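Read the structure below first, then the notes.
All of these numbers come straight from a predicted model, not from anything done at the bench. Chain A is the first sequence line, chain B the second, and so forth, proteins listed ahead of strands; every chain is numbered from 1.
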There are 2 protein chains.
Amino acid sequence: MNMKIGTLASHTGLSIQAIRYYEQQELVPTPGRSSGNYRIYDETSVKHLVFIKHCRNLGLSLEEIKALLRVRTKPDETCSEINHIIDHHVAVVDRRLTELQELRQQLGALRTKCGENQAAKDCGILRELFEITSP
Amino acid sequence: MNMKIGTLASHTGLSIQAIRYYEQQELVPTPGRSSGNYRIYDETSVKHLVFIKHCRNLGLSLEEIKALLRVRTKPDETCSEINHIIDHHVAVVDRRLTELQELRQQLGALRTKCGENQAAKDCGILRELFEITSP
DNA sequence: ATTGACTCTCTAGCGACTATAGGGTTTATG
DNA sequence: CATAAACCCTATAGTCGCTAGAGAGTCAAT
């Protein structure tokens, strides 16, 4: 059942350095060591790190994930903090989505300003970029 | 017509440090200096920096902006590199948009798993986060 | 003469890692 | 049993696009 960091890395899809970084940032407990000072992990570590990875895929920061993990160790507290973290993150994602959609539109408009191989001095994109003054 | 860095900053909406950073990264030419070693700018500098700011608002990296500025100084070359930069950036934005939309959906689904003030041990969000194994 | 506002350079810090250097350990093969 | 390959260790520097701060100099007004 025991494994070293390389095996854990391939089981979780994380890099070895990322795992050590999470340990340093106290997102995972300091693991035991072998006689040769190698980190030793087990199935619990895999689950723990997969949880972290999944949260990272959702765009949560390490601090937010840390908060989620803290709540998990106090199972009798209410989970309003969890809801709060997720709600906050949803708001961040929604804001970012709106920004990116506006951006996409501007880029699309910009792209139509220039054909394939004009001389740069006639390039509509450059002209446009120099003329637009308001963001 | 001449101005110091603070005036340039308020004319462009950039921070003083950002302007100095752009100079260091060679996005703007090294400006002249006053007798007291103050950077001296003019209207051209304003245009130059507004161009950069506009590109940053579009999400272009400083390296990409540098490439655009390089093409601008060679007005007889074709602007295919410009098109290439913009096309590449559109692709990046589109990919990011798709990712964020998926993310948003997953977060929305997750949020329905838990009401307001359950005990953490019964929180559907935590359970969900621990069970989902594929990203 | 002094205050206050402005500017200078240099350095450190953010977040979430990645990459490297320079070593030690374990495992497989000859 | 010797050695080479594969793995692991710590510590440090780098990424990007800035921001914030220290400690010093410059300039305008009172």
Rounded distance (Å) that lies between atom [atom2] of [N] and atom [atom1] of [X]:
X       : N      : atom1 : atom2 : value
A:Gln24 : D:dA11 : CD    : P     : 10 Å
B:Gln17 : C:dT7  : CD    : P     : 11 Å
A:Gln25 : C:dG15 : CD    : C1'   : 9 Å
A:Leu62 : C:dT18 : CG    : C1'   : 15 Å
B:Ile5  : C:dC6  : CD1   : P     : 14 Å
A:Asn2  : C:dT26 : CG    : C1'   : 16 Å
A:Ile65 : C:dA16 : CD1   : C1'   : 11 Å
A:Ile19 : C:dA16 : CD1   : P     : 17 Å

Discussion item. By nearest atom, which of the nucleotides D:dG17, D:dC9, D:dT26 is closest to the B:Tyr38 side chain?
Written reply: D:dT26

Worksheet entry | Residue A:Arg56, side-chain atoms from C-beta onward, closest of D:dT19, C:dT9, C:dC17 | C:dC17

Discussion item. Walk me through whether A:Arg39 and A:Glu23 qualify under salt bridge (Lys or Arg N to Asp or Glu O under 4.0 Å).
Written reply: CA-CA 11 Å; A:Arg39 289 170 179 84; A:Glu23 179 186 333; 2.7 Å; yes

N/O to N/O distances under 3.5 Å, protein versus nucleotides 10-13 of chain C:
none

Item to complete: Would you tell me whether B:Asn83 and B:Ser80 have side-chain atoms, one donor and one acceptor, within less than 3.5 Å of each other?
Response: no

Discussion item. Looking at A:Glu26, I'd like to know if its CD atom is crowded, meaning that more than 12 non-hydrogen atoms belonging to other residues, nucleotides or ligands lie closer than 6.0 Å.
Written reply: no

Worksheet item: Quick one: on DNA chain D, does B:Tyr22 or A:Arg33 contact a more 5' nucleotide (nearest heavy atom)?
Response: A:Arg33

Worksheet, complete the sentence: Taking for B:Glu63 and for B:Ser35 the nucleotide of DNA chain D with the nearest heavy atom, the one nearer the 5' end belongs to B:Glu63

Worksheet item: What closest approach, in Å, do A:Ile40 and A:Arg33 show between heavy atoms, and which atom pair accounts for it?
Response: CG1-C, 3.9 Å

Worksheet entry | Closest non-hydrogen atom pair, A:Arg56 against A:Tyr22 | CG-OH, 3.9 Å

Practice prompt. Could you say whether A:Tyr21 or A:Asn37 is positioned toward the 5' end of DNA chain C, judged by the nucleotide with the nearest heavy atom to each?
Written response: A:Tyr21

Fill in: 5'-most by nearest nucleotide on DNA chain C - A:Ser61 or B:Ile40
B:Ile40

Fill in: B:Leu14 CG to B:Ile19 CD1 distance, which is reported to the nearest 0.5 Å
5.5 Å

Worksheet entry | A:Lys66/A:Glu63 ion pair, N-O < 4.0 Å | yes

Worksheet item: Are OP1 or OP2 of D:dC8 and a side-chain N or O of A:Arg39 less than 4.0 angstrom apart?
Response: no

